[in-house]
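For reference, the structure is listed below as structure tokens.
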Protein chains: 2
Amino acid sequence: MQLENNSSIDRHSPVPIYHQIKELIKEKIEKGELKPDEKLPSETEMEDKLGVSRMTASKALSQLENEDYIYREQGKGSFVTPPKMRNSLLSLTSFSEDMEQRGFQPGGKILKSEIIKGNKIVAAELETEPEEEVFALHRIRLADEEPLAIEKSYIRTSYCKGIEKINFTNRSLYSTFEEKYGIQLHKAEKAIEAVPATKVQAKQLNIDAGEPVLSVDQTTHVKGERNPIEYMEAVYRGDQYKLLVQLDR
Amino acid sequence: MQLENNSSIDRHSPVPIYHQIKELIKEKIEKGELKPDEKLPSETEMEDKLGVSRMTASKALSQLENEDYIYREQGKGSFVTPPKMRNSLLSLTSFSEDMEQRGFQPGGKILKSEIIKGNKIVAAELETEPEEEVFALHRIRLADEEPLAIEKSYIRTSYCKGIEKINFTNRSLYSTFEEKYGIQLHKAEKAIEAVPATKVQAKQLNIDAGEPVLSVDQTTHVKGERNPIEYMEAVYRGDQYKLLVQLDR
DNA sequence: AAGTGGTCTAGACCACGAA
DNA sequence: TCGTGGTCTAGACCACTTG
């Protein structure tokens with residue numbers, strides 16, 4: 001990798017230098033200017049070429065290693081992580097995003113879309129007061145017209161006022177959070193079980209009662225907020241749906 | 001928090017100082033000596049009391065923030081993350097570790113424990129040559145004496161020579177990697193499905209054929225290595241096992 | 001021996017928050 | 001104003017890898 005002598009670093013920018021270096025390298029990796037397993041400039045090389053201290057260069061490279069863009073080997077150097085090893089599975093996605101990724105046409109049928117008073121379970125999961133109002137959105141989710149899942153979402157309305165007026169038939173809940181309300185999703189917990197379909201579920205999913213389905217309870221959190229924004233109880237057809245997750249550390 | 005003047009830090013240990021500080025604080029949080037939202041010593045305080053440079057103290061605190069043990073606010077200080085906000089779900093754990101966390105006595109019964117030539121599926125998942133030898137470890141896993149899961153692991157032997165000589169009846173595979181081979185696990189992908197139990201599975205798990213079970217295919221990676229160390233096909237009793245995962249971003 | 005990353009030091013200036 | 005974390009510097013010693 002070539003380093004333009006001392007250009008590309010703006011010492012008067014409010015953006016920290018190590019962050020500028022990070023972005024510089026990320027960009028080169030994403031553009032393909034840096035090939036998989038290609039050696040990056042060493043810390044001392046950056047010291048000279050970019051005119052920064054070694055600790056600063058080191059910080060940039062350490063963080064890139066944490067984010068899995070590069071790997072480092074003592075005595076050898078820093079190298080670009082080949083794409084195969086990189087986090088390839090999207091972690092926090094909605095059904096719509098998920099289906100599009102898999103090449104299916106997502107669709108939906110609304111069962112319920114209204115403000116309700118949360119019941120005990122919902123209140124406990126959302127950490128709301130028992131009488132507090134929440135937005136309930138129950139949908140049957142389709143992939144290429146076939147019913148694939150039943151999703152019952154309960155949403156804390158204080159983060160997204162007026163959400164009950166939106167038609168979610170073919171709209172992603174998560175992209176609505178992000179685009180309409182500027183809400184950045186942070187993390188989620190899923191509790192996953194294999195259970196037999198109830199009669200009602202079987203009818204809605206067009207399968208036989210007792211067939212295995214994937215039951216997923218999910219709590220979704222927003223960046224910087226202590227309380228969750230969404231609690232969802234979902235059921236997926238066992239014969240048609242595979243859940244992919246990526247675990248770290 | 002009280003800091004014992006300069007004790008508890010061993011400057012001649014091969015363990016880095018920042019890591020010693022991290023462990024010190026983690027321990028106090030886990031023991032409850034540091035309460036939720038309690039203020040930690042500041043960086044300058046650690047400089048004085050522990051006799052380390054500020055950068056070292058800062059590194060320890062930064063990493064604790066990344067690991068969600070503490071949160072930091074400019075101008076205010078560093079504080080213990082309340083347990084509710086903390087990542088409570090271990091991400092990459094073995095069955096044994098998992099069961100201990102849930103308060104069950106883990107146990108096991110070995111079905112197979114030998115070096116084999118990998119079949120096509122295994123070779124593809126482990127990215128080995130089709131004729132390459134792998135260590136096959138098939139176990140029935142027990143929780144409080146009850147069969148709960150069937151785990152079939154295939155392990156790349158080049159990372160852990162001699163592993164076939166170890167008795168894994170009551171031993172964790174992952175802690176063996178870490179303690180005996182010094183292998184640091186990095187990340188894993190799981191593909192999760194709800195399927196009906198086959199006759200053989202039903203017998204081994206002491207349930208009826210056709211009952212829902214959780215089928216999980218997992219590929220596990222090691223830090224700094226491009227190829228996976230383990231591919232596992234596991235089946236968990238649907239009525240007894242819930243899989244918890246934490247998703248980020 | 002030379003190059004690399006891993007760690008550590010003893011300073012420094014800044015922006016932010018609370019008093 | 002003072003204490004805090006956020007960043008940065010210019011050195012240093014070490015262990016590891018490669019020639």
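Keep in mind that this is a model prediction, so the values were computed, not measured. Throughout, a chain's letter reflects where its sequence line sits, starting with A, and its residues are numbered from 1. Values reported hereafter were calculated over all heavy atoms of this structure, with side chains retained and with hydrogens, waters and symmetry mates removed.
Nucleotide C:dA15 holds its C1' atom 15 Å from the CD atom of B:Glu73, rounded to whole Å. One interatomic measurement links the two molecules: OH of B:Tyr71 to P of D:dG6, which rounds to 14 Å at whole-angstrom precision. Here D:dA10 presents its P atom at 17 Å from CE of A:Met46, a figure rounded to the nearest Å. Atom CG of A:Asp10 is separated from atom P of D:dC8 by 12 Å (rounded to the nearest Å). Whole-Å rounding puts the B:Glu45 CD to D:dT4 P distance at 6 Å.
Neither OP1 nor OP2 of C:dG3 sits under 4.0 Å from any side-chain N or O of A:Ser42. The phosphate of C:dC8 has neither OP1 nor OP2 within less than 4.0 Å of any side-chain N or O from B:Tyr18. Residue B:Arg11 has a polar side-chain atom (N or O) positioned under 4.0 Å from OP1 or OP2 of C:dT9. Contact between the side-chain N/O atoms of B:Thr44 and the OP1/OP2 oxygens of D:dT4 is found at a separation under 4.0 Å. One finds no side-chain N or O of B:Ser53 lying less than 4.0 angstrom from the OP1 or OP2 phosphate oxygen of C:dC8.
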Each nucleotide in nucleotides 11-19 of chain D should get exactly one letter: B, S or -. Can you fill that in based on protein heavy atoms under 4.0 Å?
-BB--BSS-

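Within the model, atoms CG of B:Leu137 and CZ of B:Arg171 stand 12.0 Å from one another, a figure rounded to the nearest 0.5 Å. Here B:Ile70 contributes atom CD1 and B:Leu61 contributes atom CG; the two are 4.5 Å apart, rounded to the nearest 0.5 Å.
In this view, B:Phe177 satisfies the ring-ring contact (aromatic ring centres under 6.0 Å, His included) rule with no residue, not counting sequence neighbours. The salt bridge (Lys or Arg N to Asp or Glu O under 4.0 Å) check on B:Lys31 picks up B:Glu27, with sequence neighbours excluded. A:Lys180 is linked by a salt bridge (Lys or Arg N to Asp or Glu O under 4.0 Å) to nothing, counting only residues two or more places apart in sequence or in another chain.
The pair B:Glu38-B:Lys35 does not meet the salt-bridge criterion, since no charged nitrogen lies less than 4.0 angstrom from a carboxylate oxygen. Between B:Arg54 and B:Glu43, at least one side-chain nitrogen of the basic residue sits less than 4.0 Å from a carboxylate oxygen of the acidic one, meeting the salt-bridge criterion.
With D:dG5, C:dT4, C:dT9 as the candidates, the nucleotide lying closest to the side chain of B:Glu43 is D:dG5. Looking at the side chain of B:Arg72, the nearest of the listed nucleotides C:dC8, D:dG6, C:dT4 is D:dG6.
Less than 4.0 Å separates DNA chain D from at least one heavy atom of each of the following residues of residues 56-66 of chain A: A:Thr56, A:Lys59.
For residues 152-173 of chain B, the set of pairs meeting the ring pair (Phe, Tyr, Trp, His ring centres under 6.0 Å) definition, not counting sequence neighbours, comprises B:His138-B:Tyr154.
Judged by the 6.0 Å distance and 45° axis criteria, B:Arg156 is not positioned over the aromatic ring of B:Phe135.
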